[in-house]
Protein chains: 2
Amino acid sequence: MRMAKVSDLEILNGLMSVFRAKGYDGASLNELAEATGLKKASLYHRFPGGKKEMTAAVLDFMESWVINKVYNVLSDAKIAPTERLREALANINAVYNEGREVCLYRSLSMDTGMALFGEKIEKGINQWLESFSILGKAVGKDKDTATQMAKQSFIEVQGSLVLSKAMGSTEPFQNAIQQIENRYKT
Amino acid sequence: MRMAKVSDLEILNGLMSVFRAKGYDGASLNELAEATGLKKASLYHRFPGGKKEMTAAVLDFMESWVINKVYNVLSDAKIAPTERLREALANINAVYNEGREVCLYRSLSMDTGMALFGEKIEKGINQWLESFSILGKAVGKDKDTATQMAKQSFIEVQGSLVLSKAMGSTEPFQNAIQQIENRYKT
DNA sequence: GTCTATAGCTAGATAGAC
DNA sequence: GTCTATCTAGCTATAGAC
């Protein structure tokens, strides 16, 4: 019996969850295959470049997520800045499963992942910073202040994810989300 | 010709630097041996329990660093709180090489490292939080405020290290250190 | 206590059937 | 497009000489 084609989205979600939890070196082809519902050889059919190509695909997937769910939301001049932020934070809260899941950029910004994909990671983070910087200017901050506020928001998301993970509690992350929302109140 | 015994401190520093950069799964015995100046078999002589025992030793080493360089400093009632903080932050700045090096707890709180050493990591972080909480109370904050300030300081150190690493700049980390110092000013 | 040499296994990657 | 079977390299770990 012929197997049905596994969708690109299923595959990317599977790969993403393993790379987030294990990082580049820690993610084995066996785990990646299991998480996608494919066998190893089938994964290589989809990604002839092997683990490197899978990682690149996941980073591209993440970048499109940032553009759609953060950048486009925070720069949407048709809605009030406060509303934009609420929506973007809801998206961020969802993608990190309320603080239970780790950030892909953090997992890949060490070991071999950093050596191979440092540029892609930096680009994704800059997109994130730029999004919050636009929001800052939309609430009347000058350029430098907006940049600093964007960095601070990124730091609080990342740092609180580290703390939440280590403590096994979503409280630090939830708290950070609230704090970010308050910072942009007009 | 007989080889001189390699000191425990040399070994721990070598192991530490590899585990920080590569995480648990990413750290290979060949790299660990090279970083310590020993051959693989000699490392096994020192750590019969293999990589797991090496990791545990590095985490214990880090815990003693936290106790000596953060906890004991921040809780030293013989000096003014402002001075304690300045000294602890100088130690923190040094151990992270001004923001160029990653935190051991972050590197090990993913992949197999988290599964094996989650408890040790949590314990070390709690020691860190407790240290800053004591400082908060020393500058007159109530217990809850002191706890929140400690968490915020930890978050800013960790988050700014993620950002500094990804951007290849020490600026976010230096900025975070300054911000923490300001927060405790009386 | 350190070394060379190697065992045993699992990793990433490939060949070829269906 | 997916699969089973397999290759080779690198991994963790051990044996035994000095």
Side-chain angles (χ1 to χ4, degrees), chain A residues 1-59 61 107-108 110-117, chain B residues 1-59 61 107-108 110-117:
Chain A
M1 166 197 174
R2 298 177 73 90
M3 293 286 120
K5 181 175 175 178
V6 177
S7 79
D8 289 355
L9 190 65
E10 277 177 285
I11 291 179
L12 286 171
N13 278 325
L15 296 178
M16 169 92 88
S17 83
V18 176
F19 281 121
R20 275 161 68 148
K22 303 295 190 82
Y24 184 84
D25 290 320
S28 80
L29 268 291
N30 278 324
E31 287 172 294
L32 292 166
E34 179 149 16
T36 55
L38 286 173
K39 296 294 177 184
K40 269 192 289 189
S42 309
L43 259 187
Y44 273 94
H45 177 77
R46 301 290 194 97
F47 303 95
K51 197 154 94 164
K52 290 189 189 71
E53 188 176 341
M54 297 175 209
T55 310
V58 166
L59 279 165
F61 183 49
S107 300
L108 291 179
M110 47 172 295
D111 70 48
T112 311
M114 184 62 179
L116 293 175
F117 300 103
Chain B
M1 166 196 174
R2 299 178 70 91
M3 293 287 119
K5 181 176 175 180
V6 177
S7 79
D8 289 355
L9 190 64
E10 277 177 283
I11 291 180
L12 286 171
N13 278 325
L15 296 179
M16 169 92 86
S17 84
V18 176
F19 282 121
R20 275 161 70 148
K22 302 297 191 80
Y24 184 84
D25 290 320
S28 79
L29 269 290
N30 276 324
E31 287 173 292
L32 292 166
E34 178 148 15
T36 55
L38 286 173
K39 296 294 177 184
K40 272 190 287 188
S42 309
L43 259 187
Y44 274 94
H45 177 78
R46 300 290 193 96
F47 303 96
K51 198 155 92 164
K52 291 190 188 70
E53 188 176 341
M54 296 174 209
T55 310
V58 166
L59 279 166
F61 183 49
S107 300
L108 292 179
M110 48 171 297
D111 70 50
T112 310
M114 185 60 179
L116 293 175
F117 300 103

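Heavy-atom basis, side chains included; hydrogens, waters and symmetry copies ignored. Everything quoted here is computed from the prediction, not taken from an experiment. Convention: sequence-line order gives letters A, B, ...; per-chain numbering from 1.
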(request) Using the six-membered ring wherever Trp is involved, compare the ring planes of B:Phe19 and B:Tyr24 and label them parallel, tilted or perpendicular (cut-offs 30° and 60°). (result)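 The arrangement is parallel - the two ring planes meet at less than 30°.
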
In whole angstrom, what separates [X]'s [atom1] from [N]'s [atom2]?
X	N	atom1	atom2	value
A:Glu53	C:dA13	CD	P	11 Å
A:Leu43	C:dT14	CG	P	13 Å
A:Lys40	D:dT6	NZ	P	13 Å
B:Phe47	C:dT2	CZ	P	11 Å
A:Arg46	C:dG12	CZ	P	19 Å
A:Ile11	D:dT2	CD1	C1'	11 Å
A:Lys39	C:dC18	NZ	P	18 Å
A:Lys22	C:dT10	NZ	C1'	14 Å

[options]: which one has an atom nearest the side-chain heavy atoms of [X]?
X	options	answer
A:Ala41	C:dG1, D:dG1, C:dA15	C:dA15
A:Leu29	C:dT6, D:dC3, C:dG12	C:dG12
A:Tyr44	D:dT4, C:dT14, C:dT2	C:dT14

Is the phosphate of [N] approached by [X] (side-chain N or O, under 4.0 Å from OP1 or OP2)?
X	N	answer
A:Ser42	D:dC3	yes
B:Asn30	D:dC11	yes
A:Lys5	D:dG1	yes
A:His45	D:dG1	yes
B:Lys51	D:dT12	yes

(request) Locate the shortest heavy-atom distance separating A:Lys40 from A:Ala33; write the atom from each residue and the value. (result)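 Scanning both residues completely, I find the closest heavy atoms to be N-CB, 3.8 Å.
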
(request) Would you name the heavy atoms of A:Ala35 and A:Val18 that are closest together and state the gap between them? (result)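 Taking every non-hydrogen atom into account, CB-CG2, 3.5 Å.
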
(request) Would you indicate what A:Ala33 reaches in the nucleic acid, counting non-hydrogen atoms under 4.0 angstrom: base, sugar-phosphate, or nothing? (result)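 It contacts nothing in the nucleic acid.
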
(request) Could you say whether A:Asp25 or B:Ser7 is positioned toward the 5' end of DNA chain C, judged by the nucleotide with the nearest heavy atom to each? (result)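 Nearest nucleotide further toward 5': that of B:Ser7.
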
(request) Could you tell me whether the side chain of A:Thr55 and the main chain of A:Lys51 form a donor-acceptor pair under 3.5 Å? (result)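 Yes, because the side chain of A:Thr55 sits within donor-acceptor range (under 3.5 Å) of the backbone of A:Lys51.
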
(message) Please check if the number of heavy atoms outside B:Glu53 that lie under 6.0 Å from its CD is greater than 12.
(response)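 It does: B:Glu53 CD has more than 12 such atoms within range.
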
